[in-house]
Protein chains: 2
Amino acid sequence: MVDKQSPIPIYAQIEEQLKNQISEGKFPPGAAIPSERELTETFGVSRMTVRQSITNLVNEGLLYREKGRGTFVAAPKVEQPLSGMTSFTEDMLSRGMAPSNQLVKFEKRQPDKGIAEQLQIMESDEVYFVERIRYADNIPMAIERTYLPVKLFPELREEALKESLYKYVEQTAQLKIAGAVQRMEASLAKKEEAELLHVEAPFAVLVIERVSRLDNQVPFEVVRSTYRADRYKFTSEIQR
Amino acid sequence: MVDKQSPIPIYAQIEEQLKNQISEGKFPPGAAIPSERELTETFGVSRMTVRQSITNLVNEGLLYREKGRGTFVAAPKVEQPLSGMTSFTEDMLSRGMAPSNQLVKFEKRQPDKGIAEQLQIMESDEVYFVERIRYADNIPMAIERTYLPVKLFPELREEALKESLYKYVEQTAQLKIAGAVQRMEASLAKKEEAELLHVEAPFAVLVIERVSRLDNQVPFEVVRSTYRADRYKFTSEIQR
DNA sequence: CAGTGGTCTAGACCACTAC
DNA sequence: TAGTGGTCTAGACCACTGT
């Protein structure tokens, strides 16, 4: 059942098999899966290993535990939004649309007080300022202004902005993105924003400000985006 | 250092002490905490127990691990939004404002197709429909329409709606809230919405639709809220 | 009562990092 | 080479659930 020589950890193999059995309908929603001690015997591993698999699946929302009763299969989720924090590029691709960019500005500058504070840097430290119009299927979707500390990305080139910035951070700069704090509000488009987005006033826009952190909790970007309300709904999964 | 007789699990006691030492500055951001084997000796417990504590703190974003190097203190977060999924009542309280309600409608009715689908019930199953104007410090903040399956809350009374609904679900109905899928968009207030919110058109509003689930992933509410854009920003923490 | 998940022990080997 | 986190074992006692 499990390959103890495999480079894939045993707990990951067990997760995989449980997932398969659930999606095959062997354990329908609401049904109990075998107890941890039973799984211990089936897979020939120790209980802590089985528990690690189950804990991961519980965290994913696929299973839930009840003390003294057992572990059960959760109901399937109605919809599956992109689980967490995504870049515009990733977001549009997952919606089946073709993302593209128009770079309006790319420069180094001194941050103002607010940006410096959010990035936890000095006002004398430089930041990249990137202004882009974001398109989906060639229709303007959002205006996006990004601030990045130059110190963190000394090698950043204009070409990297044509692809996903997060791809650059993770693959080229080899940094781990942990999460972000996001503020969202509705607003009316300003005159120049309405022009850039090809809409006529009064027009509602969704304004999102995101401060993103690496795994050591150091902020690496501030993004301020202004989305056309008619073309963009923001969907997210939240935990209690 | 730890009380093995205490009803509080040892791993929770260790978490507590590590948190304290970090906030006291004993381990500044970026510094390594003692290795797992050292902590094993300091606390006189086994390594798996220490690991459980550290894993929890890593999930909270307080620490991060690097293979072969050690475990380090993360930078403090700039701001601390309410971590996840909150009710209007909880949300306003955390912002230091006084929430209140005006109940416009409370009735049982047949759900339309969309609501029935989102709640995963039959169209013939009844739902409660609750319409409320939400106030913060006595200023209208949002219009909120909630749909709840009668089956799940056969005992629901009007009084429960004066307090937090989530409090009712968790404390009175004894159910566990796991999470929700949330869709947010900007829009212009409709005429009657503008009146209810005491604003004049054209006025931007933030529309939030939330489908909330219990720990067994069964949906228990659909909430559609319309917030005054000038008085409400939605803040959330997201994970990559 | 027997069975369940929650917690805990005292070891072990591995891959990786730093010196 | 020594130290680190990642994985794993084979047990154990507990509180809680259902009969």
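Letters A, B, ... mirror the listed sequences (proteins, then strands); counts begin at 1.
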So, using salt bridge (Lys or Arg N to Asp or Glu O under 4.0 Å) as the criterion, who are the partners of Asp112(A) when residues are at least two apart?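 Checked Asp112(A) against salt bridge (Lys or Arg N to Asp or Glu O under 4.0 Å); zero matches.
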Taking salt bridge (Lys or Arg N to Asp or Glu O under 4.0 Å) as the definition, give me every residue that meets it alongside Glu66(B), ordered by chain and number, with sequence neighbours left out.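 With neighbours one apart ignored, the set is Arg69(B).
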Should [X] and [Y] count as an ion pair when the cut-off is N to O under 4.0 Å?
X	Y	answer
Lys26(B)	Glu24(B)	no
Arg65(B)	Glu36(B)	yes
Lys19(A)	Glu60(A)	yes

On DNA chain D, nearest-nucleotide positions of Ser46(A) versus Arg47(B): which is more 5'?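 With Ser46(A) and Arg47(B) compared, the 5'-side residue is Arg47(B).
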Base contacts versus sugar-phosphate-only contacts with protein, heavy atoms under 4.0 Å: please encode nucleotides 14-19 of chain C as B, S and - from 5' to 3'. --BBS-
To the nearest angstrom, how far is [X] atom [atom1] from [N] atom [atom2]?
X	N	atom1	atom2	value
Gln52(B)	dT7(D)	CD	P	15 Å
Asp3(A)	dC8(D)	CG	C1'	15 Å
Gln5(B)	dC8(C)	CD	C1'	13 Å
Asn56(B)	dG5(D)	CG	C1'	16 Å
Glu38(A)	dG3(C)	CD	P	10 Å
Phe43(B)	dT7(C)	CZ	P	18 Å
Leu63(B)	dT4(D)	CG	P	16 Å
Met48(B)	dG11(D)	CE	P	17 Å

Take the C1' atoms of the five end pairs on each side of the helix from dG3(C)-dC16(D) to dA18(C)-dT1(D), derive the two axes, and give their angle rounded to 10 degrees.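 The helix from dG3(C)-dC16(D) to dA18(C)-dT1(D) shows an end-to-end axis angle of 10°.
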Taking only side-chain nitrogens and oxygens of [X], does any of them come within less than 4.0 Å of OP1 or OP2 of [N]?
X	N	answer
Arg65(A)	dT4(C)	no
Thr49(A)	dT9(D)	yes
Arg51(A)	dG6(C)	yes
Tyr11(B)	dC8(C)	no
Lys4(A)	dT7(D)	no

Do Tyr168(B) and Glu159(B) pass the side chain to side chain donor-acceptor pair (under 3.5 Å) test, and can you show the C-alpha distance, the side-chain angles, and the key distance before you say yes or no? CA-CA 10 Å; Tyr168(B) 176 81; Glu159(B) 293 80 53; over 6 Å; no
Please check: side-chain N/O of [X] versus main-chain N/O of [Y], any donor-acceptor pairing under 3.5 Å?
X	Y	answer
Glu90(B)	Ser164(B)	no
Asn216(A)	Val218(A)	yes
Asp125(B)	Lys151(B)	no

Under 30°, 30 to 60°, or over 60°: which ring-plane class applies to Phe220(B) and Tyr166(B), parallel, tilted or perpendicular?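 Plane angle over 60°, so perpendicular.
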Which nucleotide sits closest to the side chain of Thr71(A): dG5(C), dA10(D), dA12(C)?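 Selected nucleotide (nearest to the side chain): dG5(C).
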From the list dT4(C), dC13(D), dT9(C), which nucleotide is the closest neighbour of the side chain of Val45(B)?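 Closest of the options to the side chain of Val45(B): dT9(C).
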Give one of base, sugar-phosphate or nothing for Ile54(A), where a contact means two heavy atoms less than 4.0 Å apart.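 Here Ile54(A) touches no strand at all.
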Within the 3.5 Å criterion, strictly below it, is a donor on Glu209(B) or Gln118(B) matched to an acceptor on the partner's side chain?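 Short answer, yes.
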side-chain hydrogen bond (donor to acceptor under 3.5 Å, both in side chains) partners for Arg37(B), two or more places apart: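 Testing Arg37(B) for side-chain hydrogen bond (donor to acceptor under 3.5 Å, both in side chains), a comparison that skips the adjacent residues, returns none.
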Taking only heavy atoms on the protein side, list every residue of residues 26-36 of chain B lying under 4.0 Å from any atom of DNA chain D, sorted numerically.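 Hits under 4.0 Å, by residue number: Ser35(B), Glu36(B).
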